[in-house]
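Contents: one structure, followed by commentary.
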Amino acid sequence: MKKKLTSAGSIKSFAYKQLFLVMKITVFLIVFSVASVIANSGHSQETKLSVQLKDASLGKILNYIEDNSHYYFMYNNELVDLSRKVDIDVQNKSIGEILTVLFEKSGINYKIYNRQVVLSPQSQANSGFSFQQQTLKVSGKVTDPSGSPLPGVTVAIKNTTQGTITDANGNYSISNISGDATLVFSFVGMKTQEIAVAGETSINVTMTEETTSIDEVIAIGYGTQKRSSVTGAIATMEAEDIASIPVTKLSNALEGRISGVFVNNASGAPGYGASVRVRSINTWKNAGTEPLYVIDGIISTKQQFDVLDATEIKDVAVLKDAASAAVYGARGGNGVILITTNTGKEGKFKLSYNYSYSFDRPSNLPEYLDAKDMVSLSNYGRELDGSEPMYGPQEIAYFETHDPARAMFDEVYRDPTIQKHSISASGGGGRIKYFINGSSMEQTAFVKNADYKRYNLRSNINVDFTKNLSGAFNISYYQSQKDRFVMQEDNLSNFEVDDTFGKFWARLQFLQPFAPPRTSDGKLINPGWIGNALGFVEEGGMNHRTEYNINTVMSLTYKVPFVNGLSLSAKYSPGFYAKRIKHYEKKMTLYDVEKEGEHGLIYTDRVIGVTQSSYPSKEGLAKTSNINKNYQLNFSAIYQKTFEKHNVEAMFNIEATEGTDDYFYGVRENFPLLYKDQFWATGSSRADSYVGGSEYEWGRMSYIGRISYDYAEKYFLNATLRRDGSMLFAPDYRWGNFPSVSLGWVLSKEDFLGGSFFDFLKIRTTWGLAGNDAVGGWKWTESYNSNGTYLMGTSSVPRVVYGGIVNDKLTWEKTREFNIGFDSRLLGGLICNAEYFFRHSYDILDSRIVSLPASFGGNMPPVNYGIVDGRGFEIELGYNGRAGEVSYEVRGNLSYSTNKVVEKDIPENVRNVNNPIDRSTDYVAALVSNGIIRTQADLDKMPGDYTIYGLKPKLGDIWYEDVSGLEAGVPDGKIDDYDRQVIKGKHYLPPYTYGLNLNGKWKGFSVEVFFQGIIGVSKMWAQDYGSRAYNMDGRSASVWLDSWSNDNPNGSFPRPAGWGQAKNDLESTFWLRNADYLRLKNVSLSYSIPRSVINKLKVSDITLMVSGVNLLTLSKFNDYDPNVWSMGSYPTMKTYTLGVNVTF
Amino acid sequence: MGSIFLILFLTGCDPLNKDNLSAISADDVYGNSGVAEAYVNDIYAQFMPDNEVWSFEGTDTDEAMHQRGNTLISSYLRGTVTSDAYNYYPYDNIRKINMFLEQIDGAVFEEGIKGRLKGEMLFWRAWAYFGMTRVYGGVPLVLTAESPNNEEAIFIPRSKTSECFAQILKDLNDAISLLPDPTGNGRIDKGAAMAFKGRVALFEASPQFNRNNEEQLWNDAYVANKSAIDYLNTQGKGLLDDFGKLWKDEMNKEVIMVRRHSYPESTNGYSQVCVWPLLYAKSGCAGGNMPSLELVNAFPMNDGSKWDPEARDYAVLHQNRDERFYATIAYNGANPYLKPMFGKENMWIYWYDKDGDSSTGINGREARTDFIDLNESGSGFYTTKMMDTNIDAVNILDGEIDWIEIRYAEVVMNLAEAANETGKTDEAIQLLGQIRARAGIEPGTGKYGIIASTQGEIRQTIMDERFVEFAFEKKRFWDLRRWRVYKSRMEGLQNSVRHGIRVEWTGPVSERPTGLEDINVIWNKLDVTPIEDVMPINMLSEDKYSFFGIPATYLERNSKLEQNNTWGGAFDPLE
């Protein structure tokens, strides 16, 4: 019901495939099926056809009808003989009339089910099989997941030719069967179910949709393949799997869903997109690890992927191994994520509206000390340091009962929400199919004045111009806007504020422990250099970032009429992306108040002065414009041929892309008259203005070829070759070839496995080469660049700087990968797939500068030299079952990946701990801690001149292991960088990730429970601002309550030392924590209102949904969310969603 | 439609044929004197020193007091400094210079411009090597832009310190012969190169390098500085009459080498922000360049005698000092020195409410600052030196004060020091007299109050004179190391801490001095007591400071590079 079963090849093979693969029935049985529930009665049988053929075989005539109508034929070619030649001449007749003519006296019965025409031999129909109900023995009702009766389901007795189909009410009955027989229920688009009769006389069945079918057609890059034919490591996810998850960036929804895909949701900030990587990391560099995103065949950006709404996409496929990714050549080395958007389906007009409303709550908020604890701990810490107490008696007494800065958080906090609307219209008839989708999304932060909004529009139109010429015309548009207040911590580059709010959260909790945000009459208080956080939020100005993106696809496909199986197509996809930022920053008015207490730490309400905030140092208004224009142009030819049992498909594609990028900004400073976020309000002096900008252009050329061959869908061979040219490299080094070859063998089709517990078993192996050219341009040509100005005498003079030594042999990084895997389906419903890969990334580009002395002085260009090996495996398990009226599915995946640096530039004299060779790219190096120096006896054990980075240790400090000094391996009584050690077996990135999805359906109810987790990862504990030091002047985390003190010598944290007074904050095993977690990522419950109720409302479906995301996290790491970087990061969110979906 | 694209595609341009829109070629550089000069300009921007607040040259010496309330002093003074602490290794810019020097002869433009640019680049190479040599001793001498494949030429050991000095002086001699006379256009000229050569020679002759006190080195220093001063005199350079106008009359005759600042092209705003009292800066940033009591005490009286803290009351420390005192120190009651003060109020930095009765106000609140930030002056002083009097809090970033890296007075003082060490006592005193006369000190018997007569006494007098003359000009740290008195001077401070003062108003709150009230009238209602920095100074041996360790990251990358013997290695920086 989800697949369009077209007759691409000969009708014979088509019929054969249908029988074999859709129904998986090995008995001689004529199959009757009904295409679609939704389009149940929708397809008009009144369509008129004309057929004029002389001396044509029945087969050829049916072929003609398939090509010229929406009907297709299903039959068992061993029972139905279509070789008989006839003449036919009918004009404007309905299909029924034509078929009556055609099969007159042919011994063939036909039956029309919507678009399917099922043929059966008359003799068989009369003997073993009938539409007439026979004497009852076993009977029951077959329903769909929503509980509606399902007519047309084939009910067969296993290993016989006996069977029946359900009637219009979904009822069936079947007689003359033995008590130990097994009934096989099958229906197109639904999972086939086998149920033992076991003496029962009434068996009711709920059919469930086939979601992981081996018959699924999946995207493989420059084409599609049936899953059963796939030989590479390709994982897929249906969009409906994530439809109930209210993410604002698509990448956030992938976490744990797809094996081999590692997603890190490191922030809950609005509009934050998680980082995504496929399999092991191919490089030690921070950049160039992202996969390639391809939307409907157009190479796109992660931004464009992230903004897609779940309702506009059909599925996501991930090309994991290099052989699969090799068709993307120089850019496929980090895997490829292919997104297919929805297209219109033949049949009834369908309109669907979706609404959801989500409440967010920060998950796992770190706890902070109360004012009174903060006061006592700070004073104690200062006492240990030998300095004066920070708080005097009057202040101690005051903070015993007051915690004024908590109001800072309360005042900026609001409950965040997400609202989504989407509306889709789809359908098709005649020559046109369409899918039109519009969606809007609004998300707010847990802090005021920070929002993310997005609007998407997509129109996918497919047109059959003539019998042989078809076209696709897609337009997608999105507009997104991020609005956020501006604050001191924003590290503005190109006027972009930090997506993850930088350290705002830390500021709220941490920095102003005694300053209330405002006086009782609402005036913002000046807390000094640190600035008033509430002031930033409410009065500091705003940053608006708006993105506009239009992508269009125009493609034409021509089936060459005189060469059967050859089609040519051209595709032109211009794209336009614009980003505009409006950045408005102003000072806020702050009030000085009289302060009381011994140290003036008690803020009173008495205003004694007024001042302007020190941040921003310059007030002003900036606007930026970034415009990117590009196109992708493809010409392709596909040839398909089947002879006997040999199936061959060949594809050739030429791809050209070009683009330009134009960046411009203008700034005007100062507001002489009044504050308004408009240029006219800014200073009009030339000295207050400045502008700047840059442009670049790029281009690529590629030739892609693929040959796929299979014999009887049993033995598969695929070979691809891409030839890529990139202007990033010198003319002699810009062309490269990326080959791949893969093999597959469906063992379950072999006789020796016939009848075993495998319903399906395929082993496959691949080898391929892919590249990564994300290395920046123009490193191959000598250049000098402008570098600002210098004030010489009285005028600014230009500066020019050498662009660095060039490498004209520069080319892309390469990844060679071997993959072996199997797909299986056994015991009637258990799916088990597994992959193992070994990848060898070489020619990794990096500057070899560290192997040269620093006195060399040059900037070495990147050179292709590095090697990183990666390996790992992925396992997917799934089971579909039912118990009574409940059908359920269990799906799990486990991925493992690791890597090892084989070759990397190292300093000649490198210390072992700094040597990356033979270690994974995320190895952990740190000081080794022996715990805390708790007693004088511990302290006395230290050598006389034991120092920690020059400091003498004190009680309560961390005790580090002294292993080396300037002379390697010889302890020198001093703790310094020489004592850092490799912590074996620890990783900063999770080697294992897993996901477990449980879902069940009962009548109209369906429930999903999704767990996700990581194993084997370590994390360096970090509080606000990434520091591990106790903050003497601010508010530290509550954990410090259990710090070492004379009264608490067994405390689990070191003494509360002032800044620079101790070296307890160094990266050491003391802070290295196990950050494994298991998370209840999503629970959703939906209820589809029964058709009997909604039919009266003239809608076809109403589904109500409630879900919760991130509801529970089990981890030993619980001081803050293990996903986020530090305690001061914007926390991830728990999200509760209510939604409704109405389909007309 | 497809065929239309095909035609477009086949006849259109090659997608791979693109232009680098942000670059120019080597031909542009050596084919056009303007571009070549722009290449040299970049080296200026890389090397020309600039104003800094909290430069370690001040905060790690006795020149500046530590910021109040912050108990932490730097690793230099705590004795926790490591061999990684000092990192100055500008070989990237040295390579740019070497490339230029190798290619400039082949350039196609006028020889005169070539010579000038070459001279400028030789000067900057000397500058870079001097910067390293004075820190670490000898470093690898890289004088050509070697190919990365020529391992023999690039994996080289450190040259001897003496070889480095020889090279620096050679480059400077070459530069001097190529550079033009001063024109005041901001470029390095013959005068700057000669003055810098004098500085280099003085360092080489100083105890840091010259442990045996070899007279030849002092002679060289004398000659270098003498020829510099003689040349500068011919070019109309000299001491500006009014010390207070040195940073106000820009490009005056005392300026030899300068980084200019002008709004909006290039401002030194940051330093202005952080050295103003918070009340005026409204910035949140404060605490830079706060004069220590040690510095304040070092300023002579206007009769040339020393300030005697035993004999005088700190409440009148502002009376009868030399002109440099007023041009350097902002004290309680000082005349307005910032734009927001003019016509409104003097500099009031006293504390009030000594009684501790909070009902009358906050106990111990400094009159000028926001206590909570602990950013009031730690010493009870601010600095008036190098302040831009044309800017307000709103445009505080737009300060336009030039940074004078070498001024005539330095050449005079360098010469005086070399003269004294070579036995030319009278000349030394005469030169010191020039400096003191310009500072408004009365000539007295013609010696401007100098009572020193032996070589040793004069040496100390020169040290004291440099301390006040060049306060906050980033000289103190290098001078203390050069004389090898860093540890002894710092640990020898009273109680091994730096000091400031606390000025407290003893009168009624209602009579607190405000506005333009004259400090000389009310001084006796103020209690002034010295205060101490919190954390005591406790230093490593002088040898650890004379030559810092080479950071481990550089040692890792070249096994021929040896660590200094004072930091556990085998390299002797005294060779």
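Here is how names work: the chains are called A, B, and so on, in the same order as the sequence lines, proteins then strands, and each is numbered from 1. Below, each value reflects all heavy atoms present in this structure, side chains not excepted, and no hydrogens, waters or symmetry copies.
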TODO: Answer yes or no on whether B:K18 is positioned over the face of A:W698, meaning its NZ or CZ is under 6.0 Å from the six-membered ring centre and within 45° of the axis.
DONE: no

Open item on the list: What I want to find out is whether B:D42 reaches B:K96 closely enough, with some N-O distance under 4.0 Å, to be called a salt bridge.
Closed with: yes

Open item on the list: Is A:S726 close to chain B through its backbone or its side chain, or both, or neither, when contacts mean heavy atoms under 4.5 Å?
Closed with: backbone

Open item on the list: Taking side chain as everything from C-beta outward and backbone as N, CA, C, O, which of these in A:L568 sits under 4.5 Å from a heavy atom of chain B? Side chain, backbone, both or neither.
Closed with: neither

Open item on the list: Can you tell me which portion of B:M251 sits under 4.5 Å from chain A's heavy atoms? Options are side chain, backbone, both or neither.
Closed with: neither

Open item on the list: So which residue, B:H261, B:R78, B:Q563, ends up with the most heavy-atom pairs under 4.5 Å with chain A?
Closed with: B:R78

Open item on the list: Looking at B:K560 and B:I156, would you say the former's side chain and the latter's main chain have a donor-acceptor pair under 3.5 Å?
Closed with: no

Task: Side chain / backbone / both / neither for A:T657 at chain B, heavy atoms under 4.5 Å - done: backbone

Task: Student check: side-chain heavy atoms of B:N538 and B:P536 closer than 4.5 Å - done: no

Open item on the list: Between A:E697 and chain B, with a heavy-atom cut-off of 4.5 Å, which part of the residue counts as in contact: side chain, backbone, both or neither?
Closed with: both

Open item on the list: Is B:D402 in contact with chain A via its backbone, its side chain, both, or neither, using a 4.5 Å heavy-atom distance?
Closed with: neither

Task: Which of A:D385, A:D688, A:N787 touches chain B most, by non-hydrogen pairs under 4.5 Å - done: A:N787

- [ ] Check each atom of B:T183 against the heavy atoms of chain A and say whether the ones under 4.5 Å are side chain, backbone, both or neither.
- [x] neither

Open item on the list: What part of A:S855 gets within 4.5 angstrom of chain B, counting heavy atoms only: side chain, backbone, both, or neither?
Closed with: both

Open item on the list: For a quick check under 3.5 Å, do B:N98 and B:R125 share a side-chain donor-acceptor pair by atom type?
Closed with: yes

Open item on the list: Is B:P148 close to chain A through its backbone or its side chain, or both, or neither, when contacts mean heavy atoms under 4.5 Å?
Closed with: both

Open item on the list: Counting only non-hydrogen atoms closer than 4.5 Å, does B:L397 touch chain A with its backbone (N, CA, C, O), its side chain (CB onward), both, or neither?
Closed with: side chain

TODO: Using a strict 4.0 Å threshold on nitrogen-to-oxygen distance, state whether B:D398 and A:K618 make a salt bridge.
DONE: yes

- [ ] Identify whether the distance between the nearest side-chain nitrogen and carboxylate oxygen of A:K571 and A:E655 falls below 4.0 Å.
- [x] no

Open item on the list: For chain A, which candidate among B:I24, B:D92, B:T80, B:N185 shows the most heavy-atom pairs at distances under 4.5 Å?
Closed with: B:I24

Task: Part of B:F100 lying under 4.5 Å from any heavy atom of chain A - done: neither

TODO: May I ask you to say whether B:R260 pairs ionically with B:E250, meaning some side-chain N is under 4.0 Å from a carboxylate O?
DONE: yes

- [ ] Determine, for B:E556 against A:R911, whether the closest basic-nitrogen to carboxylate-oxygen distance falls under 4.0 angstrom.
- [x] yes

- [ ] Sort out for me which of B:S559, B:G186, B:S266 touches chain A most, counting heavy-atom pairs under 4.5 Å.
- [x] B:S559

Open item on the list: Less than 4.5 Å to any heavy atom of chain A: does that hold for the side chain of B:R259, its backbone, both, or neither?
Closed with: both

TODO: Just give me the residue among A:S795, A:G793, A:G950 that pairs up with chain B most often, heavy atom to heavy atom, under 4.5 Å.
DONE: A:G793

Open item on the list: For B:V81, which atoms come within 4.5 Å of any heavy atom of chain A: side chain, backbone, both, or neither?
Closed with: neither

Task: Structural part of B:Y44 lying under 4.5 Å from a heavy atom of chain A - done: both

Open item on the list: Is A:Y978 close to chain B through its backbone or its side chain, or both, or neither, when contacts mean heavy atoms under 4.5 Å?
Closed with: side chain

Open item on the list: Can you tell me which portion of A:Y802 sits under 4.5 Å from chain B's heavy atoms? Options are side chain, backbone, both or neither.
Closed with: both

TODO: Check each atom of A:D977 against the heavy atoms of chain B and say whether the ones under 4.5 Å are side chain, backbone, both or neither.
DONE: side chain

Task: B:N395, part contacting chain A, at a heavy-atom distance under 4.5 Å - done: neither

TODO: Please assess B:Y129 against B:I94 for the test side chain to side chain contact (heavy atoms under 4.5 Å, CB included), listing each intermediate value before the final yes or no.
DONE: CA-CA 9 Å; B:Y129 276 111; B:I94 289 175; 3.7 Å; yes

TODO: Heavy-atom pairs under 4.5 Å with chain B are the metric here; pick the option from A:T611, A:N785, A:L852 that has the most.
DONE: A:L852

Task: Side chain, backbone, both or neither of A:D976 within contact of chain B (heavy atoms, under 4.5 Å) - done: neither

TODO: Would you check if B:T82 and A:K974 make a side-chain contact, meaning some heavy-atom pair closer than 4.5 Å?
DONE: no

TODO: Among the options B:W567, B:F155, B:Y89, pick out the one with the most heavy-atom pairs lying under 4.5 Å from chain A.
DONE: B:F155

Task: Exam field: side chain A:S851 to backbone A:D905, donor-acceptor pair closer than 3.5 Å - done: no

- [ ] Specify which of A:G803, A:P798, A:S783, A:S796 makes the most heavy-atom pairs with chain B at under 4.5 Å.
- [x] A:P798

TODO: Flag the pair A:R606 and A:E596 as a salt bridge only when some basic side-chain nitrogen lies within less than 4.0 angstrom of an acidic carboxylate oxygen.
DONE: yes

Task: Which atoms of A:Y949 approach chain B - backbone, side chain, both or neither, heavy atom under 4.5 Å - done: backbone

Task: Test salt bridge (charged side-chain N to carboxylate O under 4.0 Å, His left out) applied to B:R187 and B:E120, step by step - done: CA-CA 8 Å; B:R187 305 199 79 87; B:E120 292 177 18; 2.9 Å; yes

Task: Minimal non-hydrogen separation, A:L728 against A:W780, with atom names - done: O-CD1, 2.9 Å

Task: Under 4.5 Å from any heavy atom of chain B - which part of A:R848 - done: neither

Open item on the list: So which residue, A:G857, A:A687, A:G699, A:S786, ends up with the most heavy-atom pairs under 4.5 Å with chain B?
Closed with: A:G857

Open item on the list: Regarding B:E146 and B:R95, does a basic nitrogen lie under 4.0 Å from an acidic carboxylate oxygen?
Closed with: no

TODO: Please determine if A:E908 and B:R557 form a salt bridge, counting it only when a charged side-chain N lies under 4.0 Å from a carboxylate O.
DONE: no

